[in-house]
Amino acid sequence: MVDLAGLLDDLRAEGDDLDRLVADLPAERWATPTPAEGWTIAHQISHLAWTDAKALLALSDAAAFQAETQRAGDDLSRYVEDGAAEGTREEPAALLARWRAGRERLATVLGELPDGVKLPWYGPPMSPASMATARIMETWAHGQDVAEALGVRREPTRRLRHVAHLGVRTRGFSFLVNGRQPPATEIRVELTAPDGEVWTWGPEDAPERVTGPALDFCLLVTQRRHRADLALVAEGETADQWLDIAQAFAGPPGTGRKPGGREA
């Protein structure tokens, strides 16, 4: 059984870690460019606040959420870009306050939902646990961009397991979104956690496998680092293809980062 309370504790902790990076930034530093092309630190926090607000809309008024999604049309990338840009026109203190209030409200509401409920989203409906996991992934990934913009090295935590789990679960989606049929081949994934434990997914006797540091896998599936800069090993044709297109986030396939990115 999924420990939703534990997931929500980790979601709050991930948000708090990023919050500490930006809480005392002078207003002018919010305009610092991040590794995401065209996005400043303000864009990163604005995007998180915007996505939390959309999740709360989906939770409170599914019809209104669906109507807004339909108005966005097929250009989801532009829809997301516009949402991130909105917050950059706010004073940083107001944006920070809005993000804080929204992320806490979302965690609270998710924790109050009854078992078995499904939430509309940009793709298949999501359970509260899946939504919490996705928010952990996004908070961590955008936090990585902010940390790199500020020249800060974050210590990896066991919360990476949630990001890695989502990266494994979205393997089929990664193929579909790139116009390919998801292969039926089983893949064993073995990742070394920050504390040395090995996290595993898939049958032990699977014909193909992916191994390496959990941090590197998370950087890959969130497209924060090019595969060539990571210590991940793929054994088998399907595993190799997957690592070239892996993405744990919804929407069209991203362009990813160029080789020679910063060290993890």
Legend entry - Partners passing side chain to side chain contact (heavy atoms under 4.5 Å, CB included) against Ala231 (at least two apart in sequence or in another chain): Pro213, Asp216
Legend entry - Ionic contact status for Arg100 with Asp16, cut-off 4.0 Å: no
Inset, instruction - Please identify each residue that fulfils ring-ring contact (aromatic ring centres under 6.0 Å, His included) with Trp99, with sequence neighbours left out. - result: none
Legend entry - Heavy atoms from other residues, nucleotides or ligands near CD of Glu28 exceed 12 (cutoff 6.0 Å): yes
Legend entry - For Glu86, all residues meeting salt bridge (Lys or Arg N to Asp or Glu O under 4.0 Å), sequence neighbours excluded: none
Legend entry - For Trp121, ring-ring contact (aromatic ring centres under 6.0 Å, His included) partners two or more places apart: Phe65
Inset, instruction - Apply side chain to side chain contact (heavy atoms under 4.5 Å, CB included) to Asp17 and list each qualifying residue two or more places apart in sequence or on a separate chain. - result: Arg20, Arg159
Inset, instruction - Apply ring-ring contact (aromatic ring centres under 6.0 Å, His included) to Trp50 and Tyr79, showing your working. - result: CA-CA 11 Å; Trp50 179 87; Tyr79 179 56; 5.1 Å; yes
Inset, instruction - Kindly write out the residues that satisfy salt bridge (Lys or Arg N to Asp or Glu O under 4.0 Å) with Arg135, not counting sequence neighbours, or none if the list is empty. - result: Asp52, Glu138
Inset, instruction - Return the set of residues passing salt bridge (Lys or Arg N to Asp or Glu O under 4.0 Å) with Asp195 (not counting sequence neighbours), or none when no residue passes. - result: Arg158
Legend entry - Nonpolar side-chain network containing Phe173, other nodes, edges under 4.5 Å: Val177
Inset, instruction - State which residues pass side chain to side chain contact (heavy atoms under 4.5 Å, CB included) with Thr185; sequence neighbours excluded, sorted by chain then number. - result: Pro183, Pro207, Glu208, Thr238
Legend entry - Partners meeting side-chain hydrogen bond (donor to acceptor under 3.5 Å, both in side chains) with Gln247 (sequence neighbours left out): none
Inset, instruction - Among Ile, Leu, Val, Met, Phe, Trp and Tyr joined by side-chain contacts under 4.5 Å, find the other residues sharing a cluster with Val233 and list them by chain and number. - result: none
Legend entry - Contacts of Ala248 that satisfy side chain to side chain contact (heavy atoms under 4.5 Å, CB included) - sequence neighbours left out: Met137, Leu166, Thr170, Val221
Inset, instruction - Answer yes or no: is there a donor N or O on one side and an acceptor on the other, between the side chain of Thr34 and the main chain of Trp39, under 3.5 Å? - result: yes
